[in-house]
Amino acid sequence: MRLTTHTDYGLRLLMLSADASPEAVSISAVASQLNVSRNHLMKVAQNLAKAGLLEPVRGRSGGFRLAKPAHDIRVGDAVRTLECETALVECMREAVSGCPLVGGCRLPSLFRRATAAFFHILDGSTLDDLMRGNSQILKLVEAR
C-alpha cells in the first residue's frame, strides 16, 4: 500500500498545525519548511478544512489552524479524508472491475480485511499522540 503525496502533505500540515496550536500556520511558511509546493499544500489545506479538521484564519496573520483539539483528531480519519481511493486492487471495486474472477475470488476479501486492520491501527492514534513529547520532530522543523 502506498499513500498519496496529498495524504503525506496533509498529515505533515496537521502535525505542524498541532505544534502551533492554537495559533494559525501560514501555508507559505509550511510549504517552505517542508520544501513542498505551496499550491499543492493549499489544496490539501482546503480539503482538510472541508472535512472540519482545519479552519481557515483570515487577516494579516491568517492561514489555517486546527478546527478541534489535536487529541480529537484520529490519524485514520485524516487519512480517510485525504485518500480518495482506499481500494488496494481493482477487484475491490466490484462495480467497475473487469476481472473475470470477481464473485468467486477470495483476494478482495483478504485485502478488505487488511485495509480494515490498517485503519484500525491508525484510528488508535491521534494527532496529539504524534506530537506530544516529540521534541525530535520539532527540532527538525526548527532547523530548516
Side-chain angles (χ1 to χ4, degrees), residues 1-99 102 105-144:
M1 174 184 266
R2 182 180 178 112
L3 299 177
T4 62
T5 302
H6 191 80
T7 299
D8 180 21
Y9 291 178
L11 292 172
R12 290 194 257 168
L13 176 58
L14 285 170
M15 289 167 56
L16 292 176
S17 297
D19 178 51
S21 188
E23 303 300 317
V25 294
S26 155
I27 292 299
S28 294
V30 171
S32 177
Q33 281 180 308
L34 298 176
N35 196 30
V36 301
S37 161
R38 182 196 178 285
N39 290 338
H40 192 159
L41 194 60
M42 180 58 83
K43 290 176 188 174
V44 171
Q46 289 169 342
N47 285 345
L48 290 168
K50 274 188 222 175
L53 299 176
L54 288 180
E55 68 179 10
V57 176
R58 301 204 187 284
R60 185 177 169 123
S61 59
F64 288 86
R65 69 176 163 226
L66 293 182
K68 51 188 170 181
H71 65 268
D72 288 339
I73 298 176
R74 299 232 165 262
V75 176
D77 292 337
V79 171
R80 284 183 195 88
T81 293
L82 294 162
E83 284 294 316
C84 296
E85 178 66 62
T86 59
L88 296 179
V89 291
E90 180 187 355
C91 60
M92 287 177 68
R93 299 180 301 248
E94 291 179 22
V96 296
S97 177
C99 180
V102 169
C105 182
R106 294 179 181 159
L107 196 55
S109 173
L110 177 65
F111 282 141
R112 278 190 201 91
R113 289 193 329 263
T115 301
F118 174 75
F119 279 109
H120 178 75
I121 297 295
L122 295 181
D123 288 337
S125 293
T126 66
L127 192 53
D128 188 53
D129 294 332
L130 296 177
M131 298 305 293
R132 186 177 357 103
N134 192 351
S135 59
Q136 187 173 8
I137 195 170
L138 301 178
K139 286 179 190 173
L140 293 171
V141 171
E142 290 167 3
R144 293 197 118 228

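Side chains are part of it too, since the values below use all heavy atoms of this structure and drop only hydrogens, waters and symmetry mates.
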(request) Could you walk me through whether D77 and D123 pass side chain to side chain contact (heavy atoms under 4.5 Å, CB included), step by step? (result) CA-CA 7 Å; D77 292 337; D123 288 337; 4.2 Å; yes
(request) Taking salt bridge (Lys or Arg N to Asp or Glu O under 4.0 Å) as the test, write out the residues that go with R38, two or more places apart. (result) none
(request) State the OG1-NE2 distance between T115 and H120, to the nearest 0.5 angstrom. (result) 14.5 Å
(message) Could you check whether any side-chain heavy atom of V36 comes within less than 4.5 Å of a side-chain heavy atom of V30, counting everything from C-beta outward?
(response) no
(request) Give the minimum heavy-atom separation between A24 and V57, together with the two atoms involved. (result) CB-CG2, 3.8 Å
(message) Taking side chain to side chain donor-acceptor pair (under 3.5 Å) as the cut-off, I'd like each qualifying pair that reaches into residues 41-53, sequence neighbours left out, listed once.
(response) H6-N47
(message) How close do T81 and L53 get, counting heavy atoms only, and between which atoms?
(response) OG1-CD1, 4.3 Å
(message) Could you measure the distance from the OG1 atom of T5 to the CG atom of L41? Nearest 0.5 Å is fine.
(response) 12.0 Å
(message) Within the 4.5 Å heavy-atom criterion, are F64 and M42 side-chain neighbours or not?
(response) yes
(request) First locate atom CG of L48, then atom CD1 of I73, and finally report the distance between them rounded to the nearest 0.5 Å. (result) 8.5 Å
(message) Between the side chains of R65 and E23, is the shortest nitrogen-to-carboxylate-oxygen separation below 4.0 Å, so that they form an ion pair?
(response) no
(request) Decide side chain to side chain contact (heavy atoms under 4.5 Å, CB included) for V75 and T126; before the verdict, give the C-alpha distance in whole Å, the side-chain angles of both, and the deciding distance to 0.1 Å. (result) CA-CA 5 Å; V75 176; T126 66; 5.9 Å; no
Taking only distance into account, with no hydrogens and no angle test, what donor-acceptor pairs under 3.5 Å do side-chain atoms of residues 7-18 form with protein atoms, sequence neighbours excluded?
from: T7; atom 1: OG1; to: T4; atom 2: OG1; distance (Å): 3.2
from: T7; atom 1: OG1; to: E83; atom 2: OE2; distance (Å): 2.5
from: D8; atom 1: OD1; to: R12; atom 2: NE; distance (Å): 3.1
from: D8; atom 1: OD2; to: R12; atom 2: NH2; distance (Å): 2.8
from: S17; atom 1: OG; to: L13; atom 2: O; distance (Å): 2.8

(request) Would you name the heavy atoms of A67 and G52 that are closest together and state the gap between them? (result) CB-O, 3.2 Å
(request) Check whether any side-chain N or O of S32 sits under 3.5 Å from a backbone N or O of S28 as a donor-acceptor pair, and report yes or no. (result) no
(message) To the nearest 0.5 Å, what is the distance between CG on L127 and NE2 on H71?
(response) 11.0 Å
